[in-house]
Amino acid sequence: METVTVSLGDRSYPIYIGAEVLPEVGGLSRSFSLSGRGVLITNPVVGPLYSQRVLSSFEQTGIALTPLEVPDGEEFKSLQAAAALYDRILPLGLDRRSPIVALGGGVIGDLAGFVAATFMRGLPLIQIPTSLLAQVDSSVGGKVGVNLPQAKNMVGAFYQPCLVLSDVRCLRTLPPREFRAGLAEIVKYGVIADKAFFEWLEANAAAILSGDQGAVIHSVETSCRIKAAVVERDERDEGMRAVLNFGHTVGHALEAATGYSELSHGEAIAIGMVVAARISCQMGLCSEEVPFRLERLLQQIGLPTGLPVDPENIVNAMGYDKKLRDNMNYFVLTKDLGAVTVAPILDPLQALQSLR
Ligand SMILES: NC(=O)c1ccc[n+]([C@@H]2O[C@H](COP(=O)([O-])OP(=O)(O)OC[C@H]3O[C@@H](n4cnc5c(N)ncnc54)[C@H](O)[C@@H]3O)[C@@H](O)[C@H]2O)c1
Ligand SMILES: [Zn+2]
């Protein structure tokens, strides 16, 4: 089992990554002096596959978890779903050391994390991410929250878990499109912070796609290390954490412009990353090699890289991006593979049009 530590003073925590490690979670939680009762929050897709192993592992350490299911889907990452969970948790008579265990993808992790952050002003949170995106992104860094009907991730908190356990064996049941979405974020980490990792991905993409356990573990571990290093320097997203948004300015706009149905998040950011790299190249920030190799790797993974809508539609949707500051669109731009900078783009429409 590999361990990545997120070092945040008294809010530091370990991320354990391995294969067939679900049964270890109870034992790993022993050092947190948890009380004997807690809840497991999951959904009807993930629960039947993995709950039992988690419940028995906690049972063996003397902790009885009540399993609670939330229907599957982003629309249930809502205040209503959180309120329904409070209603079901209240009669269980939990105390301040009762753990909330999140078992599922990023939707369950964000929602259960929000409930853990708020119920009784905060209960210990254990994240067991089961999608690749959740293992490399949403479970790391402590952002928890829910959507409002008008805007995604609008209500939430920074609330670090006491432990994250990623079992890559869970990824075998993940739909391939969801797996590729996680890979888009993994490629992102190589581009923003680690050229050697990007090159390792170029050499090992086929192994990862074929489910090679060692390759998947290495890519999850390296991604968590990179995200942890960014979060350690900017826990509350006041500056440097913006680099994690590479590919997301255009990516979010594409998701909005295509009605959140045509493109998955991973597909949208794959296109967004290539656009950002090409704009960087055009501005003279990097060589042609950067967008070329990025596009080649994403295509090898099976992700799209071409713009599916007109630049006008993207720029219109970009106006609503949360990351808009001083009325300017800030882009994360590439200086090289493994090195980025954040800069405003004065005329995003012109920049996008010139790529055609
Ligand atoms: N908190 C953060 O920092 C952060 C970062 C990135 C994304 N997010 C959030 O994460 C969410 C997206 O996460 P996601 O991509 O994991 O989506 P998701 O949670 O909807 O999971 C995708 C699908 O895969 C299913 N699934 C999950 N694990 C499975 C498994 N092992 N086997 C079979 N099916 C499985 C889920 O039930 C769901 O149907 C969004 O709400 C996004 O806003 C949060
Ligand atoms: Zn993303």
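Just follow the structure's listing: the first ligand is 1, and inside any ligand the first atom is 1. Quick caveat, the model's predicted, so the values are computed rather than measured.
Closest to atom 32 (N) of ligand 1 by heavy atom, among Val231, Thr173, Leu133, is Thr173. For the residues Ser138, Ala134, Gly47, the heavy atom positioned nearest atom 8 (N) of ligand 1 is part of Ser138. Comparing Val46, Val107, Asn153 against atom 19 (O) of ligand 1, the shortest heavy-atom distance belongs to Val107.
Under the 30°/60° scheme for interplanar angles, the aromatic rings of Phe197 and His218 are found to stand perpendicular.
Ligand 1 places these atoms under 4.0 Å from at least one heavy atom of Tyr50: 31 (N). Close contacts between ligand 1 and Lys77 involve ligand atoms 9 (C), 40 (C), 41 (O), 42 (C), 43 (O) [criterion: under 4.0 Å to a heavy atom]. Atoms of ligand 1 lying under 4.0 Å from any heavy atom of Asn43, numbered from 1 in the order shown and given with element: 37 (O). Here is the list of ligand 1 atoms found below 4.0 Å of a heavy atom in Lys227: 3 (O).
When hydrogens are left out, the protein atom nearest atom 14 (P) of ligand 1 is Gly106 N, 3.5 Å; that is the closest non-hydrogen contact. Of all protein heavy atoms, the one closest to atom 27 (C) of ligand 1 is Thr130 OG1, 3.5 Å. Among all non-hydrogen protein atoms, the one lying nearest atom 36 (C) of ligand 1 is Asp72 OD1, 3.6 Å.
Neither the backbone nor the side chain of His265 comes within contact range of ligand 1; no heavy atom lies under 4.0 Å. Neither the backbone nor the side chain of Val140 comes within contact range of ligand 1; no heavy atom lies under 4.0 Å. Looking at Glu178 against ligand 1, only its side chain comes within 4.0 Å, counting heavy atoms. When heavy-atom distances to ligand 1 are checked against a 4.0 Å cut-off, Val45 comes that close only through its side chain, counted from C-beta outward. With a 4.0 Å cut-off on non-hydrogen atoms, Asp110 touches ligand 1 through its side chain and not its backbone.
The nearest N, O or S atom of Glu185 is closer to the Zn ion (ligand 2) than 2.8 Å.
Taking a 6.0 Å sphere around CD of Glu75, one finds it holds more than 12 heavy atoms contributed by other residues, nucleotides or ligands.
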